Student: 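My structure is below; once you've seen it, I'll send some questions.
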Amino acid sequence: MEVSSSTIERRPTRQIHVGSVAVGGDAPISIQSMTITKTSDVEGTLQQIYALAAAGADIVRCTCNEAEAAEGLAQIVPRSPVPIVADIHHQYKMALAAIEAGVHGLRLNPGNIRKPEHIKAVAAEAKDREIPIRIGVNAGSLDPRLYEKYGEATPEAMVESAQQEIAYFDEVGFDLIKISVKASSVPLMVEAYRQLSEVTDHPLHLGVTEAGPPPAGLVKATAGIATLLMEGIGDTIRYSLTADPVEEAIAGRQLLEALGLRERKNVDLIACPSCGRAEVDVIEVARQAMEAFGTRKLPLQVAVMGCVVNGPGEARDADLGIAAGNKRGHLFVKGQNVAVVPEDEMVEQLVEWAEYITEHGIDAALERVDLEKARREAERDRARLLAEQGDDANHAGEKIVEIRRTVT
Ligand code: SF4
């Protein structure tokens, strides 16, 4: 049985729209990120928004913490390639100003805008303009009354915080809502989202807050977000990394592609971990290939393998691959040898073939060459290497003699 995205059954949620992007229901899971520029710096912020959109972000959030930021948003929104959400903390008037600026959505933290009349004033205005609001609960900034009631930030406290906010919104008839219950602790956020998904069908925005710098931040965020997505929970995601926000968008896109939840747009590079048989520095070739493919729209799986003895077989399911041979690289398409190229041209050829396959398809690529001739050439190279290396690529026999000599 082929295991694919169809095995992930998403929990049904309502659908809202953040500008042109549908969130919830059967909409694709969207990717979000946040600018780190001053929002009053219109050109700098727009530059970052464009970079984020190019890296895969569907929605971008900007802070709206002062009047200058709201004024900046008024200029940013009409020039942005993706919908803009204003991030609001403490000052409900900033939410009203952001709505005035024309943003496509708001994020409110119920832990720091607490006066019911303020919350309802924002919700009433958002209702009039049909602007959705994310209730952004954060374990680190809950309403002090909830800390008092529960003793600490628990999943129950976080869910109650979201429910209190929903109740205020209900009072003014506002329901264009999505919700997040983020924490920097993965088990805490996972449990909070699980409980929340049992009590609401509003769309959920997933994230591990303050995950930190990569690679640890990536691991934490992936652990939390992927666990929930695999359970069918989550409609939109954000990686919160201490890094260039473009890395957040790339990580979000890569995660959704890896889980089969979004269509692949860029190369999925797989590479062997290398071993004593490797004929090249696999890590370096894989790095060069990643760099060469960059953000090119080539939706293929491409393999970089360290040796021709096992490489083409182990990566036979990849659309395209290269395996290092005797100072030469063996190019293969769906496991079939198509060319043997000089070692220093391996990456360049890989990109050229990837572009050809994307444009013309696998069959056309296989028809491009004399497959029998390519197979014979590759076979000769492989036989030469096997004759040189035999089954003892790591020279284990010599090493064992040396080890015995050392320990006796
Ligand atoms: S493909 Fe070759 S070099 Fe890479 S891990 Fe397998 S045997 Fe080792």
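From a predicted model like this one, the values you see are computed outputs, not experimental measurements. In listed order, ligands and their atoms are each counted from 1.
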Student: For the residue pair Tyr92 and His118, categorise the inter-ring angle as parallel (less than 30°), tilted (30 to 60°) or perpendicular (more than 60°).
Tutor: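 Taking His118 first and then Tyr92, their aromatic rings lie parallel (interplane angle under 30°).
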Student: Considering only protein heavy atoms, which is closest to atom 6 (Fe) of ligand 1, and at what distance to one decimal place?
Tutor: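 Nearest protein contact, heavy atoms only, for atom 6 (Fe) of ligand 1 is Glu314 OE1, 3.3 Å.
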Student: Could you find the nearest protein heavy atom to atom 7 (S) of ligand 1 and give me its residue, atom name and distance?
Tutor: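 For atom 7 (S) of ligand 1, the nearest protein heavy atom is Asn310 ND2, 3.1 Å.
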Student: For the pair Glu198 and Arg194, evaluate salt bridge (Lys or Arg N to Asp or Glu O under 4.0 Å) and give the outcome as yes or no after the intermediate values.
Tutor: CA-CA 7 Å; Glu198 294 295 324; Arg194 280 178 181 152; over 6 Å; no
Student: What residue and heavy atom of the protein are closest to atom 2 (Fe) of ligand 1, and at what distance?
Tutor: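 Closest protein heavy atom to atom 2 (Fe) of ligand 1: Cys307 SG, 2.2 Å.
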Student: Determine, stepwise, if the pair Asp235 / Lys178 fulfils salt bridge (Lys or Arg N to Asp or Glu O under 4.0 Å).
Tutor: CA-CA 9 Å; Asp235 301 280; Lys178 56 190 164 83; over 6 Å; no
Student: Atoms of ligand 1 less than 4.0 Å from Gly306 heavy atoms?
Tutor: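 Atoms satisfying the 4.0 Å criterion: 3 (S), 4 (Fe).
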Student: Please test Gln195 against Glu191 for side-chain hydrogen bond (donor to acceptor under 3.5 Å, both in side chains), starting from the C-alpha separation and ending with a verdict.
Tutor: CA-CA 6 Å; Gln195 291 188 14; Glu191 189 50 32; 3.2 Å; yes
Student: Return the residue, atom name and 0.1 Å-rounded distance of the protein heavy atom closest to atom 4 (Fe) of ligand 1.
Tutor: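 Protein heavy atom with the smallest distance to atom 4 (Fe) of ligand 1: Cys272 SG, 2.4 Å.
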Student: What atoms of ligand 1 come closer than 4.0 angstrom to any heavy atom of Ala278?
Tutor: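 The atoms of ligand 1 under 4.0 Å from a heavy atom of Ala278 are 3 (S).
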Student: Is Cys275 close enough to atom 8 (Fe) of ligand 1 that one of its N, O or S atoms comes in under 2.8 Å?
Tutor: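 True for Cys275.
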Student: With side-chain contact (heavy atoms from CB on, under 4.5 Å) as the criterion, how do Lys182 and Met158 come out once you've worked through the C-alpha distance, each side chain's angles and the decisive distance to 0.1 Å?
Tutor: CA-CA 9 Å; Lys182 297 187 186 181; Met158 293 162 74; 5.8 Å; no
Student: For Tyr239 and Ile225, what are the C-alpha separation, side-chain angles and deciding distance, and is it a side-chain contact (heavy atoms from CB on, under 4.5 Å)?
Tutor: CA-CA 9 Å; Tyr239 272 74; Ile225 297 170; 4.1 Å; yes
